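In this text, all values refer to a predicted model and were calculated from it rather than measured experimentally. Within every chain, numbering begins at 1; the chains are lettered A, B, ... in the order of the sequence lines, protein sequences first and strands thereafter.
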2 protein chains.
Amino acid sequence: MSTPHEHPANTSDDLAARLREQGLRLTPQRQLILRAIEELRHATPDEVLAHVRGQVSSVNASTVYRTLEVLEELGLVRHTHLSDRAPTYHSTMEHEHVHAVCRTCQAVRSYDPAVVQPVVDALAADGFVVDVGHLAIFGTCADCSAAAAVPPAT
Amino acid sequence: MSTPHEHPANTSDDLAARLREQGLRLTPQRQLILRAIEELRHATPDEVLAHVRGQVSSVNASTVYRTLEVLEELGLVRHTHLSDRAPTYHSTMEHEHVHAVCRTCQAVRSYDPAVVQPVVDALAADGFVVDVGHLAIFGTCADCSAAAAVPPAT
DNA sequence: CTTAATGCAAAAGGTTTGCAATGCA
DNA sequence: TGCATTGCAAACCTTTTGCATTAAG
């Protein structure tokens, strides 16, 4: 392992390079899927599929799953569980962030990893290395908390 | 970890009471399933099913799902996602705790909610109310971190 | 007696897999 | 050309749902 912490200028090159390193091949599907993740920011396999289908070539669902797996192994994408259903993928090119999901309205907000630093430190004292990018914090957002506390006025 | 305090007077009474409040009924299946969760500490619907099947009466899978849902609504159990697969349920009779899951060895450790208090406070400033009991922190435990850093000696 | 709860089977949602065809390298 | 990759279809696994039957209150 050894990814320098520079901000890669361009993922396409990264993709080609990392694939080659592993003796894997660069295919249009893989490029499309990676691009889809970057454009959608947060997307489930299904959303990726819908997105790439809107494009030129058609891609099969199993290819999406297999590709997402490869991309994650290459360290180009990551996933978290933002709902009880399908996982959500995002590009590692974005700044690392933690997700706060409102269980009432489903809204997802991103926070700076700094907010969880105390937790990371606390568990580090235990030898546990937290995977911040995979963290999903569930709860109730401001709007929904308010709605729940005060009976609807309308 | 063991429960420092004695097991709650008894959940059966709670179950009966809360069900009645809602006009719902107390059934042997519901009692069995709640008991299973308490005995197993952390269990997926499947594990609950296997557990209750070992008991006298046989319970159907759909009953397990429906019951888990009811029990959660009654506030007697909670669930988190400790793996990419099935959700894990636990009794609310236990002290609230956050889960730290090692993605390498799958080990689950419970921590005092205090470790995430800073995060809770940080998001609270934003009006976001964190559901601590639902929190699952993924990462690598001490043992697995060591194994990854140092090439296996044996 | 009423109707909530269960069991059963079928359906649905999401993901995986075997295999022949395809196409990077 | 050789082997990784894809498409397709079927298999899988977990969860949900409709409905007739059972049983709690």
Exercise answer: donor-acceptor pairs, residues 15-32 of chain B side-chain atoms, under 3.5 Å, sequence neighbours excluded:
{"unit_1": "Arg18(B)", "atom_1": "NH1", "unit_2": "Leu74(B)", "atom_2": "O", "d": "2.7"}
{"unit_1": "Thr27(B)", "atom_1": "OG1", "unit_2": "Arg30(B)", "atom_2": "N", "d": "3.2"}
{"unit_1": "Arg30(B)", "atom_1": "NH1", "unit_2": "Arg25(B)", "atom_2": "O", "d": "2.7"}

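Rounded to an integer number of Å, the gap from CG of Asn60(B) to P of dT17(D) is 15 Å. Counting to the nearest Å, the P atom of dG7(C) and the CG atom of Leu32(B) are 10 Å from each other. Leu15(B) has its CG atom 10 Å from the P atom of dG25(D), to the nearest Å. Straight-line distance from the CG atom of Leu19(B) to the C1' atom of dA4(C): 11 Å, rounded to whole Å. Rounded to an integer number of Å, the gap from CD of Glu47(A) to C1' of dG13(C) is 14 Å.
Under the 4.5 angstrom side-chain criterion for Ile, Leu, Val, Met, Phe, Trp and Tyr, the cluster partners of Val108(B) are Leu82(B), Val101(B), Phe138(B). Counting Ile, Leu, Val, Met, Phe, Trp and Tyr side chains that sit under 4.5 Å apart, directly or through other members, Leu40(A) stands alone, with no cluster partners.
Contact annotation for Thr44(A): no contact, since no heavy-atom pair falls under 4.0 Å across all strands.
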Report task. Would you mind building the protein contact string for nucleotides 20-25 of chain C? One character per nucleotide, 5' to 3', B for base within reach (heavy atoms under 4.0 Å), S for sugar-phosphate only, - for untouched. Result -> ---BBS
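Applying the ring-ring contact (aromatic ring centres under 6.0 Å, His included) rule to pairs touching residues 108-132 of chain A yields nothing, sequence neighbours excluded. Residue pairs meeting the ring-ring contact (aromatic ring centres under 6.0 Å, His included) criterion with at least one partner in residues 22-52 of chain B, sequence neighbours excluded, are His42(B)-His90(B), His42(B)-His97(B), His42(B)-His99(B). Within the structure, every pair that satisfies the ring-ring contact (aromatic ring centres under 6.0 Å, His included) test and touches residues 66-88 of chain A, not counting sequence neighbours, is listed here: His79(A)-His81(A), His79(A)-Tyr89(A), His79(A)-His134(A), His81(A)-His134(A).
Under 4.0 angstrom from either OP1 or OP2 of dG14(C) there lies no side-chain N or O belonging to Arg85(A).
Using a 4.5 Å cut-off on side-chain heavy atoms (C-beta onward), Glu94(A) and Ile37(A) make no contact.
Near DNA chain D, defined here as any heavy-atom distance below 4.0 Å, the residues from residues 63-76 of chain A are Thr63(A), Arg66(A), listed numerically.
Overall, the helix from dC1(C)-dG25(D) to dA25(C)-dT1(D) carries an axis bend of 40° between its ends, with five pairs at each end and the value rounded to 10°.
Take Glu96(B) and apply the side chain to side chain contact (heavy atoms under 4.5 Å, CB included) test, not counting sequence neighbours, and it matches Pro113(B), Val132(B). Qualifying salt bridge (charged side-chain N to carboxylate O under 4.0 Å, His left out) partners for Arg35(B), counting only residues two or more places apart in sequence or in other chains: none. Residues forming a salt bridge (charged side-chain N to carboxylate O under 4.0 Å, His left out) with Arg85(B) (at least two apart in sequence, or on another chain): none.
Nearest approach of Val119(A) to Val115(B), heavy atoms of both residues: CG2-O, 3.3 Å.
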